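The model shown is predicted, which means the values in this text are computed figures rather than measured ones. In what follows, chains carry the letters A, B, and so on, assigned in the order in which the sequence lines appear, proteins first and then strands, with residues in each chain numbered from 1. Scope of the values below: all heavy atoms of this structure, side chains included, with no hydrogens, waters or symmetry mates.
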Amino acid sequence: MSSLLPKKIIKKTDSTLKRKGGRPTLASSLKTSVSSRRSTKKSSRPEYDHKKVEVKWPSSAPSSLKLRRTSKATAGKQKKYNHKQIEVKWQREWNKSGIYKTKDYSKKPKCYVLDMFPYPSGLGLHVGHPKGYIATDIYSRMKSMQGFNVLHPMGWDAFGLPAENYAIKNKVHPKISTAKNIKNYKRQLDLLGFSYDWSREIDTTDPEYYRWTQWIFLQMFKQGLAYESYEPINWCPSCQTGLANEDLEDGRCERCGSEIEQKPMRQWVLKITDYAERLLNDLVELNWPESIKDSQRHWIGGSNGALIKFAVTGHKDKVVEVFTTRPETIFGATYIALSPELIKKWLVAGWTPADSIVKYVTSVLKDRAKQSYKDNPDKTGINSGLVAINPATGKNIPVWITNYVLGSVGTGAIMAVPAHDQRDFEFAKKYNLPIEEVVIPNRIDKFNPPRADKKKVERLNVQAIVVDPKTKKVLFLKSNKFGWTTLPMGGVEAGEDIVEAAKREVLEETGLTNLKFIKVLGGQVRAEYFASHKDENRVSFTRAVMFELEGSFKEEDSKVEDDHELIWLDKKDITYPQVVHAELEDWLERWDKTNSIYVGPGVLINSGSWSGSNSKEAVNKIIKAVDGKVIKTYKLRDWVFSRQRYWGEPIPIIHCEQCGAVPVPERELPVKLPAVKSYAPTGTGESPLADIASWVKTKCPQCQGPGKRETNTMPQWAGSSWYYLRYMDPGNNKKLVDPKKEKYWAPVDLYVGGTEHATRHLIYARFWHKFLFDIGVVSTKEPFKRFGKNLGLVLGEDGRKMSKRWGNVINPDDVVKLYGADTLRLYTMFMGPFEAEIAWNTKNMIGSRRFLEKVWRLASKLENSKSDKYEVEINQVIKKVGEDIESFSFNTAVSTLMILVNKLDEGAVVTLGDYQTLLKLIAPFTPHLAEELWQSCGFSPSSIHLAPWPQFNSAKLVASTVSIAVQVNGKTRTTLSLPPNSTEEAVLQAAKEDNNVATHLQSKPISRVIFIPNRLINMVT
RNA sequence: GCCCGGGUGGCGGAAUUGGUAUACGCGCACGACUUAAAAUCGUGUCUCGAAAGGGAUGCGGGUUCGAUUCCCGCCCCGGGCACCA
């Protein structure tokens, strides 16, 4: 029963043995550890005294030294787990041996794993920041062990306002503070043992990097995708800069929270709208979380519709073009509504309307410049006095100017269809404009459909909904002859008022007269059904009218004929087809609404020759008939690309009186940021660069005449829109990226970062990438093939967002000191699902630390035997951990490893094979601990991180017995332990023999048996 | 208002082609070891009940032999968008 430890293990787990050369092992470092334990008892006391976090110092004593008696050699001599010692040691070692240096070409398949690079702020990292980096590090390490050539780089997105504001305040050049911050960030990241290839580090503020950012801008300029605009833009009065739509949060500056104003000024704008359709369409092929793709779809916001021209009298253009997504409703267009912005253009062009109109337009535009985007103001409008002609009906309709039509959407003009658009409806109600219904729902009675061979009769109907105010029940008629239940109903006679008709029907059928009118339930509903009592198909156009009884229902008030009776139903019991009306779902939908308008598809009415046709099918025909144009519009606006600030890439353009905006010749790139005296914005809407006359003044590259440099800089998003390409070839001074290297590495296989970038960085980068694809710089249509799960925020211990403001920031430096990087990494992954927002809890980390100590102690049970006791478990764990890492389910991967370790710990010995597998599986999570144990056990002279990932044997995944639940009538009464794949007969036999089961069967006959192999048997009596 | 997530013990959470709810970890209680404490190890820990047995996955219904999982109607929390024609 006793067996020898392998030589190496004895060597390395027993300090009393003399080592015979070889590599440094545990033994050599043991002496210090042992002696320090004796001499400095204090070292095992808490060293970390965080104010908020009361933490007990985890055990570092070599407990559980009740080693196997047979293994005297190791008794009492195992080294304690000292994270401080081993983490620094291995970080140095890996660095020295360069195991994370990535080769550009390899026969191995490539895998490009990318983190969103950070903005190195002066505050340094908090404990939540590394979550995504830990995940990608685990993923990268596994991939590399699985035989992939992994690219896992890191860099700095270092242009931006905080550094600039810091510079203004402290008169320190942003270059200097940024360098300092980067150094600190890098130190903190290195503390956690990431496998970054630092030889590929990039920094967006490095002129050698932004040379290429500027180069891309120039290419866009040459293609007409970068242009100057004078349209009003979002202006932050506090940051003194223009902003893109994407930079706003509820109409406020996302940085400082100031209300944004609309300010007309010269801006550089990128024509991202040219790419809108491709940005939208190509989303389908991306392996990204649906929520991010949804946000992008939303943001780009394509809508299909038509441009239709309305002839206008009283204006020189003689025509107004509108955009609509519902061209089929044009017969219901009862007025035209124009945006104030459009009128402004007309005014500029020389239109001279009444003063009241000018006044109205001016005041709306003024409100709009200041207005928060959050709440829609009340709709207002003014009749322009112009008259338009509806091209479908030929009728004259008024032209209004309103505040609910926006200049930036479509053509800034709409055809208003109040019957089928909520906004138009509200406006029409307010200003008493005509409402013409042209689309109604079409219902075919499913249970009583029209019959092909019967004649078709059209009828105009009314149905009465009579509610008893006391009981809230609704009146129905139950036919004794046909058995069906209906509302009181009947035909409407020509010219008859709908409410009067409904009252008449109620009187005729129930005798009730004490009705109080409540409302009409919206417009008509068309229904088709077979009327068996008349042997004909009916096509009915029905409206519903709701009444309340005056007082409660009294039997004596009613007068009912013999062929039917009155019944009262709760609203929840009113269901089709118990109540036979095919219109019922429409009534229920409109039940509680006061002004119900129909916006769905259906059948056209009041639409000339189109009446009776399907609204969807009519769309294109009607567009053609009114000479309209099919078109798609987008919500996405062009990207306002200039900032009036200092700390950004200078836009490489020279302004020349003769030649206009001239690009800086490529050989003169980069246009370097000059030093300035003051970083503060000038307040004139120009960047501080404008104050440096010597820098601004230059020659026009085209005519050699005097030129002025562009003084606007690029937004922070510029450098991050292409950085992933530079990692592939960071040192190239001839090209942005060598095409061969790009071909090898592109696209990014896995990208991980925060969802707050869903509609900016991730759209901008896709846009730039597609542009670079078009000009042949990159070979793929999309930059990021897979976006890992959404990165859930780590909250402070108080459940709030970790921030200086709440004083709940936890610094990873402290946590690493206390528990070590490995524990921090493991705990961060174990906390919960990757995508969940979870509060940090330093106390809870002890569980992860204990687990690592347990793994450590298992080494003392090592034995060189070939037991396959845990064969099935090990195989299952290999499979599960691999799948979980692949799918970013790190928390369950960790718990699976914990279960395995608990299992291994139950036994007296641990085999070398099992332990090696365990260490390999755990290596991506806790690289230092795994390496230390791997080396000290002498499993291989090379790093565990270069070892091959374990493979599972599919044939060994099922245990020798499975637990089968035995249920009687769906309730579990016992479980059976049986061989896998037992037959139903065998399981039933065994189940019946169980006493408890027998009691519950009570010798009743079993009427049915449900059997799920290897899981469950259910006996139904 | 619209769209997308989510709601399970004291806490973080696990389990969904419908099949043994509460894995793993924290905390707590008790025990072992210790002069003692810490640490470690062991046992227990949804709830009512003495037990047999019942009840619990936000609430109310439904489908099913069986529902955390599917369907219908609500409530609450988080995120995104918001007069987009």
Side-chain angles (χ1 to χ4, degrees), chain A residues 44-46 56-66 250-251 289-295 297-299 301-303 305 322-326 337 339 373-379 402-406 408-417 421-424 426-427 572 575 633-636 755-756 758-759 790 827 830-833 835-841 843-848 850-851 853-854 857 889 891-892 894-899 902 905 963-976 999-1000 1007-1012 1014-1021:
Chain A
S44 65
R45 305 293 322 158
K56 284 159 189 167
W57 182 241
S59 158
S60 52
S63 66
S64 130
L65 289 180
K66 302 167 210 156
D250 295 340
E290 275 309 313
S291 61
I292 295 192
K293 294 208 260 182
D294 264 356
S295 300
R297 284 192 192 104
H298 233 99
W299 192 266
S303 48
V322 304
F323 174 69
T324 177
T325 54
R326 302 285 311 274
S339 63
Y373 283 53
K374 191 84 186 169
D375 300 305
N376 302 327
D378 287 341
K379 293 179 178 56
T402 79
N403 68 340
Y404 81 92
V405 178
L406 305 176
S408 55
V409 180
T411 61
I414 63 161
M415 63 175 213
V417 184
D421 182 281
Q422 191 63 40
R423 295 149 302 178
D424 297 343
E426 283 168 28
F427 190 80
K572 66 175 169 55
T575 52
T633 61
Y634 301 90
K635 267 162 68 175
L636 186 72
T755 40
E756 69 272 21
T759 52
N790 289 334
Y827 170 69
F830 182 59
M831 282 170 81
E835 63 275 25
E837 263 191 15
I838 301 169
W840 181 267
N841 188 331
K843 247 174 144 176
N844 277 359
M845 288 183 74
I846 189 68
S848 301
R850 280 180 192 148
F851 167 68
E853 288 178 6
K854 207 182 264 185
R857 284 198 312 271
S889 308
N891 57 328
T892 49
V894 175
S895 83
T896 302
L897 287 165
M898 286 174 167
I899 293 167
N902 288 344
D905 196 31
S963 161
I964 296 178
V966 180
Q967 298 184 337
V968 179
N969 290 327
K971 290 203 184 267
T972 305
R973 297 302 174 186
T974 190
T975 57
L976 298 172
T999 316
H1000 285 94
S1007 67
R1008 195 176 155 197
V1009 174
I1010 291 103
F1011 177 68
I1012 309 292
N1014 298 326
R1015 299 213 81 136
L1016 155 152
I1017 189 160
N1018 184 11
M1019 291 163 279
V1020 185
T1021 58

At less than 4.0 Å, is any side-chain N or O atom of [X] found next to OP1 or OP2 of [N]? Yes or no.
X: A:N841; N: B:C11; answer: no
X: A:R1015; N: B:G18; answer: no
X: A:R850; N: B:U40; answer: yes
X: A:R297; N: B:C3; answer: no

Check every atom of [options] against the side chain of [X] and return the nucleotide holding the closest atom.
X: A:K971; options: B:G27, B:G54, B:A14; result: B:G54
X: A:V1020; options: B:C65, B:U20, B:C83; result: B:C65
X: A:S895; options: B:G19, B:A14, B:C24; result: B:C24
X: A:P377; options: B:C83, B:G19, B:G80; result: B:C83
X: A:R1008; options: B:C24, B:A85, B:C65; result: B:C65
X: A:N1018; options: B:G13, B:C65, B:U20; result: B:C65
X: A:P833; options: B:C83, B:G19, B:G13; result: B:G13
X: A:I838; options: B:C81, B:C65, B:G12; result: B:G12
X: A:T975; options: B:C41, B:U20, B:C83; result: B:U20
X: A:R857; options: B:A14, B:U40, B:G66; result: B:U40

Problem - Spacing of A:L897 atom CG and A:F851 atom CZ [to the nearest 0.5 Å] - result: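 Going from the CG atom of A:L897 to the CZ atom of A:F851 covers 5.5 Å.
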
Per the atom types in the model, does the base of [N] pair as donor or acceptor with the side chain of [X] at under 3.5 Å?
X: A:S963; N: B:U20; value: yes
X: A:K379; N: B:C83; value: yes
X: A:N844; N: B:C26; value: no

Handout entry: Glycosidic class, syn or anti, of B:G9 using a 90° window around 0
Key =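 Nucleotide B:G9 adopts syn.
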
Same-atom distance ([atom1]) from [N] to [M], integer angstrom:
N: B:G42; M: B:C75; atom1: C1'; answer: 45 Å
N: B:A67; M: B:G62; atom1: P; answer: 12 Å
N: B:G13; M: B:A23; atom1: P; answer: 15 Å
N: B:C72; M: B:G27; atom1: P; answer: 43 Å
N: B:U69; M: B:U8; atom1: C1'; answer: 12 Å
N: B:A51; M: B:U43; atom1: P; answer: 22 Å
N: B:U16; M: B:G7; atom1: P; answer: 13 Å
N: B:C71; M: B:U64; atom1: C1'; answer: 12 Å

Problem - Residue pair A:Y827 / A:N841, side-chain donor-acceptor N/O under 3.5 Å - result: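 Distance-only check fails for A:Y827 and A:N841.
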
Exercise for the section: Please work out if A:V409 contacts a base, only the sugar-phosphate, or nothing of the nucleic acid, heavy-atom cut-off 4.0 Å. Expected result: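 Touches a base.
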
Practice task
Quick one: label A:I899 by what it contacts on the DNA or RNA (base, sugar-phosphate, nothing), any heavy atom closer than 4.0 Å.
Solution key: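 Result for A:I899 = sugar-phosphate.
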
Return yes if some donor-acceptor pair links the side-chain N/O of [X] with the main-chain N/O of [Y] below 3.5 Å, else return no.
X: A:D421; Y: A:A416; value: no
X: A:K635; Y: A:H298; value: yes
X: A:N790; Y: A:E835; value: no
X: A:T974; Y: A:V966; value: no

Problem - Opposite nucleotide pairing with B:A14, Watson-Crick or G-U, both atom distances under 3.5 Å - result: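 Partner of B:A14: none.
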
Practice task
Both distances under 3.5 Å, Watson-Crick or G-U wobble: report the partner of B:G27, or none.
Solution key: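 Checking every strand shown, B:G27 finds its partner in B:U45, with both distances under 3.5 Å.
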
Exercise for the section: Rounded off to whole Å, could you give me the CE-to-C1' distance for the A:M831 and B:G13 pair? Expected result: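 In whole Å, B:G13 C1' lies 11 Å from A:M831 CE.
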
Handout entry: Whole angstrom value for the distance that separates C1' of B:C24 from CG of A:N902
Key =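 Taking CG of A:N902 and C1' of B:C24, I get 8 Å after rounding.
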
Problem - Salt bridge present between A:R850 and A:E853 (N-O < 4.0 angstrom) - result: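 Looking at A:E853 together with A:R850, the answer is no, because their closest N to O distance does not fall below 4.0 Å.
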
